[in-house]
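Read the structure below first, then the notes.
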Amino acid sequence: MGMGKRAALCYPGADRRCTLGPLHLLLLLALWGDTGYSQQQTQCRIQKCTTDFVSLTSHLNSGSDGFDSEFCKALRAYAGCTHRTSKACRGNLVYHSAVLGISDLMSQRNCSKDGPTSSTNPEFSNDACNYHSRVTARELQVGDQTQPNYLFCGLFGDPHLRTFKDHFQTCKVEGAWPLIDNNYLSVQVTNVPVVPGSSATATNKITIIFKSYQDCTEQKVYQAVTDDLPSAFVDGTTSGGDSEMKTLRIIEKVGGKHVVMHAKYIGTTVIVRQLGNYLTLAIRMPEDLAMDYEESQDLQLCMNGCPSSERIDEGGHLRLPLVVNSPPSNSNQARSVYTLESATATCLEKIQHKHIYFNSCVFDLLTTGDVNFTAAAQSAWEDVETLHPRKERWQIFPNSGNGSKTSALPAVVLGLVCLFFVAFL
């Protein structure tokens with residue numbers, strides 16, 4: 001069918017006197033087709049793609065100068081949407097008809113396959129599966145230029161927890177505990193005792209669930225255990241969603257020891273390491289997504305910290321063990337008996353500033369005698385430098401243990417001054 005006359009084919013914005021063309025029939029089929037068939041393929045989003053294409057083009061006027069350009073943008077957005085849902089739509093006649101119809105129209109309208117897409121609906125831009133781009137587009141629409149706020153959480157050592165609020169805690173939390181549990185991501189760790197006679201534990205298993213999100217990715221599960229830190233998800237894949245867009249992917253940094261997961265669609269990065277016999281984890285996630293959870297999901301160590309009954313530190317003060325634990329005789333891990341001086345010297349070789357990560361290193365050496373915990377503290381600090389969004393908050397210095405007395409002093413002085421003035425009024 002030639003396109004010399006604009007009315008020869010019906011499309012949104014075409015002349016009312018047009019004849020009914022194949023794409024127009026396709027749109028009607030997709031919008032009002034067999035609903036029973038659509039319900040059977042709930043993951044196939046071709047009907048949503050078509051609905052949004054109509055929304056993007058219904059206001060266009062075929063007689064306007066910019067019609068061809070805008071219509072091509074909408075077609076490319078439509079094509080991108082069908083491409084993202086292709087896996088779920090296999091065997092769907094409406095989907096295959098849409099693909100053929102889009103190709104036909106792009107050829108007839110001389111639309112290039114590469115180029116800008118309509119941004120009226122951010123979901124159909126090329127950056128639909130890019131969190132930062134979605135937020136930027138949304139902010140532009142409402143005239144707000146505020147950058148998204150990111151949060152950091154880390155877990156390492158015996159174990160030491162840095163929460164989303166930058167609270168630093170040392171906890172027991174033996175067994176399985178949720179670090180994160182929101183509508184986009186779940187992270188669970190399993191901790192086991194390190195040495196007899198100590199309440200300290202360390203992480204030997206990490207399970208991460210990236211929940212399905214629109215057309216960007218299907219649900220993916222990653223699991224690491226001691227001596228098995230894979231560079232793939234449990235289904236054997238290394239990415240989620242469209243292989244070209246790579247909205248979710250795993251990058252192996254050191255074989256069996258260090259992986260990084262980038263979830264571009266939710267603006268999240270996760271680092272998992274193995275040092276010695278135990279695992280460490282660090283994560284950066286947008287605040288608005290981290291806060292998107294139900295009341296039943298409130299047990300999240302990254303969000304709310306450890307329960308008070310599980311805390312080893314005392315209000316931020318990490319009391320060093322009075323008696324250094326000797327390594328168990330049946331351990332195959334290289335251990336030594338450290339004094340406070342030798343533990344301090346060993347940790348200073350790796351961490352030059354005496355912030356909380358240095359103190360954690362000393363605590364772990366005195367508690368376990370395992371020098372690998374020194375590397376764990378050093379790597380945890382490096383992950384802070386890599387992922388934590390606010391440099392001024394990187395360093396946390398340990399509580400001296402006398403914080404209550406120190407903080408009470410200004411109040412006492414202020415009270416005496418007030419009494420002084422009252423006496424002379």
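All residue numbers in this chain count up from 1 along the given sequence.
- Lys211 has a carboxylate O that lies under 4.0 Å from a charged side-chain N of Asp181, or vice versa, which qualifies the two as a salt bridge.
- The two residues Pro230 and Val259 come nearest to each other via the heavy atoms O-CG1, 3.5 Å.
- Once rounded to the nearest 0.5 Å, the distance linking CZ of Phe164 with CG of Asn304 reads 10.5 Å.
- In this structure, the side chains of Phe53 and Ile102 stay at 4.5 Å or more apart for every pair of heavy atoms.
- Looking at Asp215 and Lys48, no side-chain N of the basic residue comes within less than 4.0 Å of a carboxylate O on the acidic one, giving no salt bridge.
- Taking 4.5 Å as the limit, every side-chain heavy atom of Val260 sits out of range of all side-chain heavy atoms of Val270.
- Tyr357 and His355 have perpendicular rings, their planes meeting at more than 60° on a 0 to 90° scale where under 30° would count as parallel.
- Considering all non-hydrogen atoms of both residues, Asp288 and Tyr131 come closest at OD1-OH, 2.7 Å.
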* To do: List the steps and the verdict of ring-ring contact (aromatic ring centres under 6.0 Å, His included) for Tyr278 and Phe373.
  => CA-CA 9 Å; Tyr278 304 104; Phe373 282 100; 5.7 Å; yes
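- Each of Thr203, Ile180, Leu179 was evaluated against Leu281; a single residue qualifies, Leu179, per the side-chain contact (heavy atoms from CB on, under 4.5 Å) test.
- Using a 30° and 60° split on the angle between ring planes, Trp394 and Trp381 fall in the perpendicular class, above 60°.
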* Checking side-chain hydrogen bond (donor to acceptor under 3.5 Å, both in side chains) for the pair His388/Asp166: CA distance, chi angles, key distance, verdict? -> CA-CA 10 Å; His388 198 293; Asp166 285 320; 2.9 Å; yes
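- Contact check for Thr217 versus Tyr265: side-chain heavy atoms found under the 4.5 Å cut-off.
- Between the side chains of Thr226 and Lys205, no donor N or O sits under 3.5 Å from an acceptor N or O.
- Considering OG1 of Thr374 and NZ of Lys350, their distance stands at 8.0 Å, rounded to 0.5 Å.
- Look at Arg390 and Glu392 and you find a salt bridge, because one of the NZ, NE, NH1 or NH2 atoms lies within 4.0 Å of a carboxylate O, short of that distance.
- Two residues are said to be in side-chain contact when any heavy atoms from C-beta on lie closer than 4.5 Å; Leu301 and Thr163 fail this criterion.
- In terms of modelled atom types and a separation under 3.5 Å, the side chain of Thr82 and the main chain of Val99 share no donor-acceptor contact.
- Residues Asp114 and Ser112 bring no donor and acceptor atom of their side chains to less than 3.5 Å of each other.
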* Residue pair Thr207, Gln223: steps toward the side-chain hydrogen bond (donor to acceptor under 3.5 Å, both in side chains) verdict -> CA-CA 4 Å; Thr207 302; Gln223 189 168 90; 3.1 Å; yes
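- Taking every heavy atom of both residues into account, Pro159 and Cys171 meet most closely at CD-O, 3.0 Å.
- When only modelled atom types and interatomic distance are considered, Asp313 and His160 share no side-chain donor-acceptor pair under 3.5 Å.
- Taking both residues in full, the closest heavy atoms of Thr247 and Gly241 are given as OG1-CA, 4.3 Å, listed atom of the first, atom of the second, then distance.
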* To do: Check step by step if side-chain contact (heavy atoms from CB on, under 4.5 Å) holds for Gln352 and Leu348.
  => CA-CA 5 Å; Gln352 283 69 47; Leu348 275 174; 5.6 Å; no
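- At least one donor-acceptor pair closer than 3.5 Å links the side chain of Ser86 to the backbone N or O of His83.
- A distance of 6.5 Å separates CD1 of Ile206 from OG1 of Thr280, quoted to the nearest 0.5 Å.
- Side-chain atoms of Glu310 come within 3.5 Å of backbone atoms of Val173 as a donor-acceptor pair (strictly under, hydrogens ignored).
- Counting heavy atoms from C-beta outward, Pro307 and Trp177 have side chains that approach closer than 4.5 Å.
- For the residue pair Ser239 and Lys220, the shortest heavy atom distance occurs at O-CE, 3.4 Å.
- Proximity of Phe363 to Ile312: side-chain heavy atoms (C-beta onward) are separated by under 4.5 Å at one or more points.
- Between Asp292 and Asn183, the side chains place a donor N or O and an acceptor N or O closer than 3.5 Å (distance only, hydrogens not considered).
- Considering OG1 of Thr238 and OH of Tyr222, their distance stands at 12.0 Å, rounded to 0.5 Å.
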* Asked: Can Cys347 and Leu365 be said to form a side-chain contact (heavy atoms from CB on, under 4.5 Å), step by step?
  -> CA-CA 9 Å; Cys347 291; Leu365 281 183; 3.7 Å; yes
* Which is it for Tyr338 and Thr346 under the side-chain contact (heavy atoms from CB on, under 4.5 Å) test, yes or no, and what are the steps along the way? -> CA-CA 9 Å; Tyr338 284 90; Thr346 300; 3.6 Å; yes
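- The nearest pair of heavy atoms linking Cys49 to Thr85 is SG-CG2, 4.4 Å.
- Judged purely by distance below 3.5 Å, without hydrogens or angles, the side chains of Thr50 and Tyr78 pair a donor atom with an acceptor atom.
- A donor-acceptor contact shorter than 3.5 Å links the side chain of Gln169 to the backbone of Cys306.
- For the pair Arg273 and Val254, the minimum side-chain heavy-atom distance is 4.5 Å or more.
- Note: Leu248 CG to Thr268 OG1 = 10.0 Å, rounded to the nearest 0.5 Å.
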* Might you work through the side-chain contact (heavy atoms from CB on, under 4.5 Å) test for Met303 and Gln297, ending with a clear yes or no? => CA-CA 10 Å; Met303 183 63 66; Gln297 299 172 293; over 6 Å; no
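- Open room surrounds CD on Glu295; 12 or fewer heavy atoms of other groups in view lie less than 6.0 Å from it.
- The OG atom of Ser360 lies 9.0 Å from the CG atom of Asp158; values are rounded to the nearest 0.5 Å.
- Residues Glu294 and Asn182 have side chains that never bring a donor and an acceptor to within less than 3.5 angstrom of each other.
- A 4.5 Å side-chain heavy-atom check between Asn204 and Val225 finds every atom pair outside the cut-off.
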